[in-house]
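Numbering of residues begins at 1 and proceeds along the displayed sequence. Worth saying up front: this structure is predicted, and the values here are computed from it rather than measured.
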Amino acid sequence: MNEVKPDWVLVYGDTDSTLAGALAASKLHIRVAHVEAGLRSFNRKMPEEINRVLTDHIADLLFAPTESGRQNLINEGIPVEKIKLVGDVMYDASLFYKEKARKPVLPEELTIQGNDFVLCTIHRAENTDNAETLRNILTGLGCSGEIIILPIHPRTRAKLAYVNAPLPANIYLIEPVGYLEMVWLEANCRVVATDSGGVQKEATFIRSRVLPCVPKQSGLNWLI
């Protein structure tokens, strides 16, 4: 930022780098614009929620994707003139890339026909850091009788080593996939079971059925 000396710094979403960029720009007296402003889970135990709130209160211009997001910002005392209701960039991306999606490389022993599989992702600390919770999730997936395709998150792969439970035969772990491959899986599965807010949104945009697994539900058998 010191080298480029921009007029604005544009930050997206709710990652640690979002907050870091906003904070660095603010301390250098560079104006900050936040895309996806105003989204709230109202759960301060989620690191993303802290990033969202702090970034919004640092920002000089806030691009809210929804009316509820705009209202959240107003309720927190942010001046209305700073807030612009612009729609959701993830929705725009989903529309643009849906036709460009491509099928990922799947295990040779896995044969799928039509949408006869469930796409599953697990990565949140609330679901992976407690061995009993993770075992319960795997048990639920195993008892479902569904073909489960699970792109394995690095956090989840590391935790599976400590679960001390066999992986159900109907769960197929695959390596993490790129965006276009993930869109294909979301568009072609029968249902999405996930603890990812982003995956939930994308699947909804392309009209796939979603079973969210939020932290308070993390001990439940998802698909029974």
Side-chain angles (χ1 to χ4, degrees), residues 11-19 35-53 55 65-66 68-69 88-98 101 104 106 115 117-130 133-134 136-138 140-141 144 146-160 163 167 171-223:
V11 293
Y12 293 76
D14 54 21
T15 63
D16 289 346
S17 58
T18 301
L19 176 57
V35 177
E36 293 187 324
L39 302 182
R40 297 289 183 270
S41 68
F42 302 104
N43 178 3
R44 291 295 181 94
K45 292 183 178 180
M46 295 176 63
E48 296 94 339
E49 183 75 353
I50 303 302
N51 293 343
R52 294 181 194 119
V53 173
T55 300
T66 62
S68 61
D88 196 317
V89 292
M90 285 185 65
Y91 180 61
D92 295 335
S94 295
L95 292 179
F96 182 80
Y97 285 107
K98 183 178 180 180
L106 298 174
N115 63 346
F117 69 95
V118 172
L119 172 63
C120 177
T121 73
I122 311 168
H123 80 284
R124 289 199 175 277
E126 296 90 341
N127 287 335
T128 59
D129 288 0
N130 182 289
T133 297
L134 187 52
N136 287 343
I137 291 173
L138 294 175
L141 295 171
S144 70
E146 303 281 353
I147 296 173
I148 310 290
I149 296 179
L150 200 165
I152 189 69
H153 191 281
R155 172 201 290 275
T156 310
R157 183 186 291 279
K159 297 299 181 180
L160 283 176
V163 167
L167 189 71
I171 299 178
Y172 294 84
L173 299 185
I174 65 174
E175 292 300 316
V177 297
Y179 178 71
L180 295 179
E181 289 79 11
M182 193 65 179
V183 171
W184 187 95
L185 290 168
E186 292 166 355
N188 287 277
C189 67
R190 188 175 67 79
V191 66
V192 178
T194 182
D195 59 6
S196 165
V199 171
Q200 289 179 44
K201 285 178 64 178
E202 288 172 354
T204 301
F205 293 153
I206 58 180
R207 303 188 184 281
S208 295
R209 296 173 59 203
V210 180
L211 292 173
C213 184
V214 296
K216 68 180 180 181
Q217 298 172 315
S218 59
L220 298 181
N221 293 339
W222 288 4
L223 303 176

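Every residue meeting the side chain to side chain contact (heavy atoms under 4.5 Å, CB included) condition with Asn130, not counting sequence neighbours, appears here in chain and number order: Glu132, Thr133. For Asp129, the side-chain hydrogen bond (donor to acceptor under 3.5 Å, both in side chains) criterion is met by Arg155, not counting sequence neighbours. Under the side-chain hydrogen bond (donor to acceptor under 3.5 Å, both in side chains) criterion, His153 pairs with no residue at all, not counting sequence neighbours. Residues passing the side chain to side chain contact (heavy atoms under 4.5 Å, CB included) test with Arg40 are Phe42, Glu49, Arg52, Val53, Asp56, Asn72, Leu73, Glu76, sequence neighbours excluded. The salt bridge (Lys or Arg N to Asp or Glu O under 4.0 Å) check on Lys98 picks up nothing, with sequence neighbours excluded. Looking at residues two or more places apart in sequence or on another chain, you find a side-chain hydrogen bond (donor to acceptor under 3.5 Å, both in side chains) between Thr66 and Ser68. Among residues two or more places apart in sequence or in another chain, the side chain to side chain contact (heavy atoms under 4.5 Å, CB included) test is passed with Arg157 by Ile152, Glu175. Legend: residues meeting side chain to side chain contact (heavy atoms under 4.5 Å, CB included) with Leu95, ordered by chain and number and at least two apart, are Tyr91. Scanning for side-chain hydrogen bond (donor to acceptor under 3.5 Å, both in side chains) contacts around Thr156 gives an empty result, with sequence neighbours left out. Listed by chain and residue number, nothing satisfies the ring-ring contact (aromatic ring centres under 6.0 Å, His included) test with Tyr12 (two or more places apart in sequence, or in another chain). With sequence neighbours excluded, no residue forms a salt bridge (Lys or Arg N to Asp or Glu O under 4.0 Å) with Asp16.
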Apply the test side-chain contact (heavy atoms from CB on, under 4.5 Å) to residues Thr121 and Ser196: give CA-CA distance (whole Å), side-chain angles for both, the deciding distance (0.1 Å), then the verdict.
-> CA-CA 7 Å; Thr121 73; Ser196 165; 4.0 Å; yes
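No donor-acceptor pair under 3.5 Å is formed between the side chain of Arg190 and the backbone N or O of Phe117. Under the 3.5 Å distance criterion, the side-chain polar atoms of Asn51 are matched with a main-chain donor or acceptor of Asp14.
Counting only residues at least two apart or in different chains, side-chain hydrogen bond (donor to acceptor under 3.5 Å, both in side chains) contacts with residues 179-189 comprise Arg102-Glu181.
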